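Have a look at the structure below, then the notes.
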There are 4 protein chains.
Amino acid sequence: MNGPGHNSVSVEELLQLIERWEHLNIEKRDIADCQKEVMAEAKGRGYDTKVIRKLIAERKRDAGDMAEEEAVLELYREAIRMQTGPRNQPTNGDT
Amino acid sequence: MNGPGHNSVSVEELLQLIERWEHLNIEKRDIADCQKEVMAEAKGRGYDTKVIRKLIAERKRDAGDMAEEEAVLELYREAIRMQTGPRNQPTNGDT
Amino acid sequence: MNGPGHNSVSVEELLQLIERWEHLNIEKRDIADCQKEVMAEAKGRGYDTKVIRKLIAERKRDAGDMAEEEAVLELYREAIRMQTGPRNQPTNGDT
Amino acid sequence: MNGPGHNSVSVEELLQLIERWEHLNIEKRDIADCQKEVMAEAKGRGYDTKVIRKLIAERKRDAGDMAEEEAVLELYREAIRMQTGPRNQPTNGDT
DNA sequence: GGAAGGAGCAGACGCC
DNA sequence: GGCGTCTGCTCCTTCC
C-alpha cells in the first residue's frame, strides 16, 4: 500500500539519527573513562582526588567569572551607551 | 633554588594532571554539542525529540536487561541449588 | 534592637525550615534501620538476602514498567496523531 | 507431595518479609516528598535552596566532626596510655 | 572490594 | 532569547 519514498525512509533516517546519537554517547563514555584514569593516576601519586576536584571546580568558576565579568562590563557599556548615545553623544564638541 | 626533588615538581605534575582532565572535559563538551546538533537535525526533520529520547532510553534499557536477566536467572538457579541440592541429593533413598 | 520585622525573623524561620528537613531526615534513617532489621531477620531465617534484594528489585521494576509502558504508549500515540492527523486529515485529495 | 508446614510456609513468610520491606520503602518515599515540600516552601519564601542545602551539609559535617574529634581524642588518650602505662607508670613519685 | 541507593549537578525543554 | 523547572547522569557514600 506504500510505494517507495514513504515512511520507511523516515524509519531509516530516524534510526540513523538515533545511532549517531548513541555512538556519540559511547565516545563520551570513553572520555569519561579516561578522566577516571587521570584521577586514578593522581591518587596513585599520592594526591587527594577530592582536593583536586575542588581545584578544578575553582578553576572552572574562575573561568566562568571572567566571562561573567566581561558580560557585566558589556552590559554596563551598553547601559552607558543608552544614556550617552541618545541624549547627545553629548559633551563631545569636536564635530 | 629549584633543583630536583623540590615540590615545584609536584606542582607541575599536579597541574598537568588537572589540565589533562580539563582537556578531556572539553572534548566531552564538544561531543555533547554534536549530540545537540543531531537532536536539532531530528527536530528540523519533523521528529519529536521527546519521543526520540524515550526510544533511546528504551534501547538502553533493553540492552541492559538482556545482561541483567542472565545474571538474575543464574542467581536463582544457584539459590535453588542451595535449597534442593544439599537437602535431597545425598540422603535421598527412595529411587 | 531586635524588635519585630527584623531579619532575626528570617533567621528563625530559616532555622525552622532546616530543622524540619533534618528531622525528616532522621525519620528516614530510622526507617532505613527498620529495613536493615527486616533483612537481618530474613537472614536469620535462612534466606539469601541477595536473592531477596533481587526479588524486590524485580517487583519494583515490574510495577514501574506498567506505569511507564502506559506513558510511553500515550506518548507514541500522541506523536502518531501529530503526524497522521494534520497531514492526511483535511487536504488529502487523492482518494 | 508436600504436607502442611513445608516450604509453602516459607513462601508466605518470605512474602511477608518482602512486603514489610517494601512498605517501609514507601514510608521513606513519603518522607522524601515531605522534604521536597519543605524545600519548595523555602523557595517560596525567597530562600536559595542551594544555600540551604549547603548549610544542612555543613551542620551534618559539624555534627560528624564532633564525634570524630571525640574518636581522635580517645585515640590519643589510648596512645598516651600505651606510652606511659607500659613503660613504668613510673616517674610518678607521689605514691 | 564491589554493588546498590541517595545526593548533587549539569543539560534540555517550555514559557514568557 | 533568557529564565525557571525538570528530568537524567554521575558521583559519593554506605552496606554487604
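Just so you know, these numbers use all the heavy atoms, side chains as well, and skip hydrogens, waters and symmetry mates. Only a predicted model underlies this, so the values are computations on that prediction, with no experimental measurement involved. Just so it is clear: chains get the letters A, B, ... in the order the sequence lines come, proteins before strands, and each one is counted from 1.
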For nucleotides 5-16 of chain E, just jot down a letter per nucleotide in 5' to 3' order: B, S or -, based on protein non-hydrogen atoms under 4.0 Å.
-> -SSS--SSS---

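- At least one side-chain heavy atom of D/L73 sits under 4.5 Å from a side-chain heavy atom of D/R77.
- One atom, CD of A/E22, and another, P of F/dC9, lie 12 Å apart when rounded to the nearest Å.
- Note: C/E19 CD to C/I26 CD1 = 10.0 Å, rounded to the nearest 0.5 Å.
- A salt bridge between C/E68 and B/R61 is present, with a side-chain N of the basic residue lying under 4.0 Å from a carboxylate O of the acidic one.
- In this structure, A/E78 does not pair ionically with A/R81, as no charged nitrogen and carboxylate oxygen lie closer than 4.0 Å.
- A salt bridge links C/R20 with D/E41; the closest basic N to acidic carboxylate O contact falls under 4.0 Å.
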